[in-house]
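Working notes, structure below.
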Amino acid sequence: MLRVGIIGATGYTGEELISILLKNPKVKITYLARQQDVKENIDKIFPKFFKKISLPCQKFNLPKALELCDLLFLALPHTTSMEIAPSLLKNNKIVIDLSADYRLKDVNVYQAWYCKVHKDSLNLKNAVYGLPELYKEKIKKAKLIANPGCYPTAAILAIAPVLEAGLIDKNNIIIDAKSGVSGTGKKLSADLIFSEVNENFKAYKVNEHQHAPEINQVLSDLAKEKIETTFVPHLVPMYRGILETIYLKLKKKINLEAVTRIYKNFYKNEPFVRILEANLPETKFVAGTNYCDLGFKLDQKKNLLIAVSAIDNLIKGASGQAVQNMNILSGFKETEGLL
């Protein structure tokens, strides 16, 4: 039985992690921590867990975490995980970080986008980017997983097959992305209160979002050359879900059946990617699941492939993918507790 802890258990992703892990017979949740210096049982914080789990949740305590856990999820705000992960790794604990702290390999890029000097460049070098559909073999051997961001997960999965096949113009990738409000995390902000979000739909951080360099890094790694995408995120008045419409200029003529075959072949062994043919993806198809749904339209006149990608930002975009990574590196069935 794998003993797991969650640091940052009271946020949206922490709550989601608890829900998912309770369905996994291979693990036992043995430790919960929060940022506030308040001790409460988790079923008091989240009554939904009443008679399911009643562990105390309190401020992080390193000796207790080391004693009680084999693997720890860090469901913490960006720039916080790098303060905690080194001590856990030094004591041979496996760490799956859901923040951005170990995703960007260049510390200068990290500082530019997150406005803070990276404090753990040593472990950053060994961190594995936890997108199972692309890096499964590396994940199996990892001690530190950088769980991908939600927007990048949906974008990269939609682009990778045709990028690797050499079908698209690498300099002309446009990602139009929409997310529910939970993607911003559980924080107080005037522009996120109900009366501001409800009955509203807006673009934000246009081509300036912190997930852009993450998307570009992975696509550049796949293409073996530098790629700069155009990434435009939007906030929609719903709790969860991401839908991305991605515009890809094709380098040669191809029909939709051939495109579909490329995607199906690329993801033929991946249990959480679904290629839709009868419908285009919708957020309601993936809500509450670890699936990424992909669908396509082809504009033959413009030689343009329009790829549509949908995920649940809190599951495949965060906690579900983190558990998927845990399953892979622990030698469990990849789908354990996720179907």
### Query
Around Phe194, counting heavy atoms of other residues, nucleotides and ligands shown, do more than 12 lie under 6.0 Å from its CZ?
no

### Task
Please say whether more than 12 non-hydrogen atoms of neighbouring residues, nucleotides or ligands are located less than 6.0 Å from CZ in Phe50.
no

### Query
Mind checking whether Ile242 and Val218 sit in one hydrophobic cluster, side chains of I, L, V, M, F, W, Y counted as touching below 4.5 Å?
yes

### Message
Quick check on Lys136: does its NZ atom have over 12 non-hydrogen neighbours (other residues, nucleotides or ligands) under 6.0 Å away?
### Response
yes

### Query
Is Asp37 paired with Lys59 through a side-chain N to carboxylate O contact shorter than 4.0 Å?
no

### Query
If you link I, L, V, M, F, W and Y whenever their side-chain heavy atoms are under 4.5 Å apart, who else ends up in the same group as Val308?
Leu243, Leu280

### Task
Check whether any side-chain heavy atom of Asn24 lies under 4.5 Å from a side-chain heavy atom of Met326, and answer yes or no.
yes

### Task
To the nearest 0.5 Å, tell me how far Lys202 NZ sits from Leu235 CG.
6.0 Å

### Query
Can a salt bridge be assigned to the pair Asp176 and Lys178 using a cut-off of 4.0 Å between side-chain N and carboxylate O?
yes

#### Entry: Test: Glu228 and Lys226 ion pair at under 4.0 Å
yes

### Task
Check the pair Glu67 / Lys64 against salt bridge (Lys or Arg N to Asp or Glu O under 4.0 Å), numbers first and verdict last.
CA-CA 5 Å; Glu67 176 191 353; Lys64 186 166 286 190; over 6 Å; no

### Query
What pairs with Asp97 under salt bridge (charged side-chain N to carboxylate O under 4.0 Å, His left out), at least two apart in sequence or on another chain?
none

### Message
Are more than 12 heavy atoms, taken from residues, nucleotides or ligands other than Lys23, located less than 6.0 Å from that residue's NZ atom?
### Response
yes

### Salt bridge flag under 4.0 Å for residues Lys316 and Glu133
yes

### Task
Using a strict 4.0 Å threshold on nitrogen-to-oxygen distance, state whether Asp312 and Arg240 make a salt bridge.
yes

### Task
Determine, step by step, whether Glu40 and Val38 satisfy the side-chain contact (heavy atoms from CB on, under 4.5 Å) criterion, reporting the C-alpha distance in whole Å, the side-chain angles of both residues, the deciding distance to 0.1 Å, and the verdict.
CA-CA 6 Å; Glu40 288 182 282; Val38 178; 4.1 Å; yes

### Message
Measuring only between side-chain heavy atoms, which start at C-beta, is Asn126 closer than 4.5 Å to Leu144?
### Response
no

### Query
Tell me, which pairs form a side-chain hydrogen bond (donor to acceptor under 3.5 Å, both in side chains) where one or both residues lie in residues 68-80, sequence neighbours left out?
Arg3-Asp70

### Message
Taking the basic N atoms (NZ, or NE/NH1/NH2) and the acidic carboxylate oxygens, is any pair closer than 4.0 Å for Glu336 and Lys333?
### Response
no

### Message
Within a 6.0 Å radius of atom NZ on Lys93, are there more than 12 heavy atoms belonging to other residues, nucleotides or ligands?
### Response
yes

### Message
Classify the ring geometry of Tyr102 against His118: parallel below 30°, tilted from 30° to 60°, perpendicular beyond 60°.
### Response
perpendicular

### Task
Determine, for Lys264 against Glu257, whether the closest basic-nitrogen to carboxylate-oxygen distance falls under 4.0 angstrom.
no

### Query
Do other residues, nucleotides or ligands put more than 12 heavy atoms under 6.0 Å from the NZ atom of Lys105?
yes

